[in-house]
Protein chains: 2
Amino acid sequence: MISHGNNRKLLTPEREALILEALGNGVRTISELAATLQVSEATVRRDLRTLEQRGELQRVHGGAVRVDEGTKRELLFHEKATLRADEKERIAEAALGLIENGDSVYLDGGSTVLALARKLESRRELTVVTNSLMAAAELMESGHKLILLGGEFRPLSRTLVGPLTSPIGEALHIGKAFFGTIGLTASGVSTTDPGEAFTKKLILGRAEQAILLADSGKFGRTSLVEAGKLDDFDIVVTDSGAPSELQKILKKNKIKLIMA
Amino acid sequence: MISHGNNRKLLTPEREALILEALGNGVRTISELAATLQVSEATVRRDLRTLEQRGELQRVHGGAVRVDEGTKRELLFHEKATLRADEKERIAEAALGLIENGDSVYLDGGSTVLALARKLESRRELTVVTNSLMAAAELMESGHKLILLGGEFRPLSRTLVGPLTSPIGEALHIGKAFFGTIGLTASGVSTTDPGEAFTKKLILGRAEQAILLADSGKFGRTSLVEAGKLDDFDIVVTDSGAPSELQKILKKNKIKLIMA
DNA sequence: TTTATTTTTGCAAGTTTATGAAAGAATTTG
DNA sequence: CAAATTCTTTCATAAACTTGCAAAAATAAA
C-alpha cells in the first residue's frame with residue numbers, strides 16, 4: 001500500500017522529540033523546522049500532521065505551535081471552540097437535520113454539540129436534556145423545555161459529570177442523544193476525564209438513538225478513559241476530511257455515516 | 001477558491017497575541033495596529049473580524065476594543081437590574097460572615113443569594129451546591145467544588161426546580177443552606193412557582209442549618225405557594241429597614257436575626 | 001544473507017490560503 | 001448634505017499546503 005498523508009504508522013520517537021524541542025513554546029515555521037531536522041518540508045508537514053492528531057501540537061498556516069503547558073492538558077474551553085470551526089458548523093447543521101419538532105434530545109458537552117444547540121431555535125417544542133452549562137446558557141430563552149442533569153461541575157469542559165448524574169439520568173427517557181468526543185478509534189470513543197466518561201456511558205445506555213458528532217481531526221486519537229464502544233452508536237456525523245478507513249470500520253459495525 | 005472575509009482557517013497565535021497585547025485595555029485604530037504588526041490595514045481588518053467572531057474583542061468604527069472576562073460571562077448570563085441593590089449587598093456581606101473555609105453550602109436562586117455567590121472568592125475549599133445557573137456561572141472558575149442540582153430549568157428565575165431535583169438533593173449532605181424568597185410573613189416564606197417551592201422544601205428539610213436572606217421589602221408579602229415554615233429556618237439575615245414586628249416574631253420562634 | 005513487503009521520504013503538479021491593492025458602499029463628521 | 005474617512009468586496013499573486021508517485025530505507029520473511 002502506498003503511504004501518504006496520514007496512514008503512516010509512526011514517527012521515530014527520536015524525531016518526535018526533536019520537533020517538540022525545536023518548537024519550544026513559540027511558533028516555528030516549516031522551513032525552520034526542515035532546516036533544523038535536515039529533512040524536506042514535505043516530511044516536516046507529514047510529521048506535524050501526525051503529531052497534531054495526537055494532540056501534541058497545533059498546526060497553523062506556515063508552521064506549528066506547541067499545545068501543551070507542561071503535559072498534555074486538555075485545551076481550554078474557548079480555545080477548543082475556535083478550532084475547526086467550519087467543520088463543526090457543518091457537522092452541526094447536518095445533525096440538526098436529524099431533529100424534528102417535539103423530539104426529546106440529549107446534548108453532551110463539547111463545542112460541536114454546542115454548535116448544534118445554537119441551531120435548535122429552528123425547531124419547536126423540544127425537550128432538551130443536557131449536562132452542558134454552555135448548551136443550557138444557549139437554550140435558556142429558546143422556549144424549549146430544558147432539563148439539566150445534576151452533578152459535579154467540571155470547569156474544563158463546563159459540564160456536569162460523575163456518579164451524581166446517574167439518579168436523574170436514570171429517571172429520564174431520551175430519544176436522540178448527541179455526543180462529542182476527544183478521540184475516536186476502531187475500538188470506540190475516549191475522553192480525558194473519568195467522570196465525563198461515566199456520564200457518557202450512562203446516557204449512551206439509555207438513549208433510543210445515539211449520535212456521535214466528531215470532526216475528522218478526532219479520528220485516530222485516543223484519550224485517557226474509554227467512554228463507549230463504537231457500536232454503541234447508531235449514527236456518526238463527520239466532515240468530508242474523514243479518512244476512508246473510518247468508513248470501512250463503520251460499515252463493518254453497521255453504523256450509519258453522515259458526511260457533512 | 002478565493003479567500004476573503006472569514007474563510008480563513010486561523011490566525012497564527014503569534015499575531016493573535018500581538019493584537020490582544022497591542023489592544024491592551026483601550027481602543028486602537030486600524031492604522032496603529034497595522035503599523036505595530038507590520039502588515040496592511042486590510043489584513044488587520046480581517047484579523048479583527050476573526051477575533052471578534054471568537055468574542056475576544058469588539059470592533060468599532062476605526063478600530064477595536066478588547067472584551068474583558070467579566071463581560072464575556074455577562075454575555076451568557078446577563079443579569080436583570082436589581083432592586084434594593086444596596087441592601088442586598090449588605091445582607092450578602094453579613095451572610096458571608098457565616099461561611100468558613102471548607103464549608104459545604106447550598107445556594108438557592110434569587111439576587112440576594114447571587115450577591116453572596118460573588119463574594120465566595122474570598123473563601124477556600126468550599127463545596128457549593130446550587131440550583132441556580134447564575135450562581136453556577138459566577139462560581140465556574142472559582143476553584144471551589146461546584147455541584148449543580150439537576151432538574152427542570154425555570155427561565156424566569158434561572159434555577160433548576162421540581163421533582164427531578166429530589167434524587168440528587170437526597171444524595172447530598174448540606175451544611176449551611178442560603179435561601180432567597182419572594183414573600184415572608186409570620187406563617188413562613190412563599191414563592192411564585194410550585195416547582196421552586198418543592199425544591200426549597202426539599203433542601204430545607206436536609207440542611208443542617210437554614211439561613212434566609214430577605215431584604216426588608218420582602219416582609220409582609222405573600223406569593224402563590226408556600227415554600228417553608230418560618231421555624232424551618234435557623235437564621236434570618238435582613239437589612240436595617242426591617243420592621244420591629246419581624247423581630248418579635250423571630251424571637252418567638254427562637255430564630256436568630258442578623259441585621260446588616 | 002537474500003528476497004519480499006511495508007513504510008518513509010523527496011519531488012513535482014495541482015490546490016488552497018493569506019495578503020495587499022484598488023474600487024465601490026457605508027459611516028461619520030463638519 | 002457633502003466631504004472625508006473607514007469598511008467591504010473583489011481580484012491578483014505569492015506563499016503554503018496536499019496529493020500522487022517513485023525511489024530509498026526499514027522491516028519481515030525465507
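Quick note on labels: first sequence line is chain A, next is B, and so on, each numbered from 1.
Ring geometry for A:F179 against A:F233 counts as perpendicular: the plane angle is over 60°, on a 0 to 90° scale with 30° as the lower cut.
Set against C:dT19, D:dT18, C:dG10, the side chain of A:R46 has C:dG10 as its closest nucleotide. For A:S40, whose side chain is taken as the heavy atoms from C-beta onward, the closest listed nucleotide among C:dC11, D:dT10, D:dT8 is C:dC11. Among the nucleotides D:dT18, C:dC11, C:dG20, the one closest to the side chain of A:A42 is C:dC11. Distance from the side chain of A:R59 is smallest to D:dT18 among C:dG10, D:dT18, C:dT19.
In the helix from C:dT1-D:dA30 to C:dG30-D:dC1, the terminal helix axes, each the rotation mapping four pairs' C1' atoms onto the next four within five end pairs, subtend 40°, rounded to 10°.
The interatomic distance linking B:Q38 (CD) with C:dG20 (C1') rounds to 15 Å, in whole Å. Atom P of nucleotide D:dT8 and atom CD of B:E41 are separated by 13 Å, given to the nearest angstrom. In this structure, B:L48 atom CG and C:dT19 atom C1' are separated by 15 Å, rounded to whole Å.
Environment of CD in A:E32: crowded, with over 12 heavy atoms of neighbouring residues, nucleotides or ligands closer than 6.0 Å.
Residues A:T199 and A:T165 bring a donor and an acceptor atom of their side chains to less than 3.5 Å of each other. With 3.5 Å as the limit, one finds no donor-acceptor pair spanning the side chains of A:K229 and A:S187. Counted by atom type alone, A:E41 and A:S31 present zero donor-acceptor pairs between their side chains at under 3.5 Å. Side chains of A:T191 and A:K200: no donor on one and acceptor on the other come within 3.5 Å.
Of the inter-residue distances, the one linking B:E152 atom CD with A:T127 atom OG1 reads 8.5 Å to the nearest 0.5 angstrom.
Neither OP1 nor OP2 of C:dT8 sits under 4.0 Å from any side-chain N or O of A:R49.
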Detail all sub-3.5 Å separations between protein N/O atoms and N/O atoms belonging to nucleotides 2-6 of chain D.
residue, atom, partner, partner atom, Å
D:dT6, O4', B:H61, NE2, 3.4
D:dT6, O3', B:G62, N, 3.2

### Task
For the pair A:H144 and A:E121, evaluate side chain to side chain donor-acceptor pair (under 3.5 Å) and give the outcome as yes or no after the intermediate values.
CA-CA 8 Å; A:H144 297 308; A:E121 297 275 3; 5.7 Å; no

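Taking the ring pair (Phe, Tyr, Trp, His ring centres under 6.0 Å) definition, one finds that A:F153 meets it with nothing, sequence neighbours left out.
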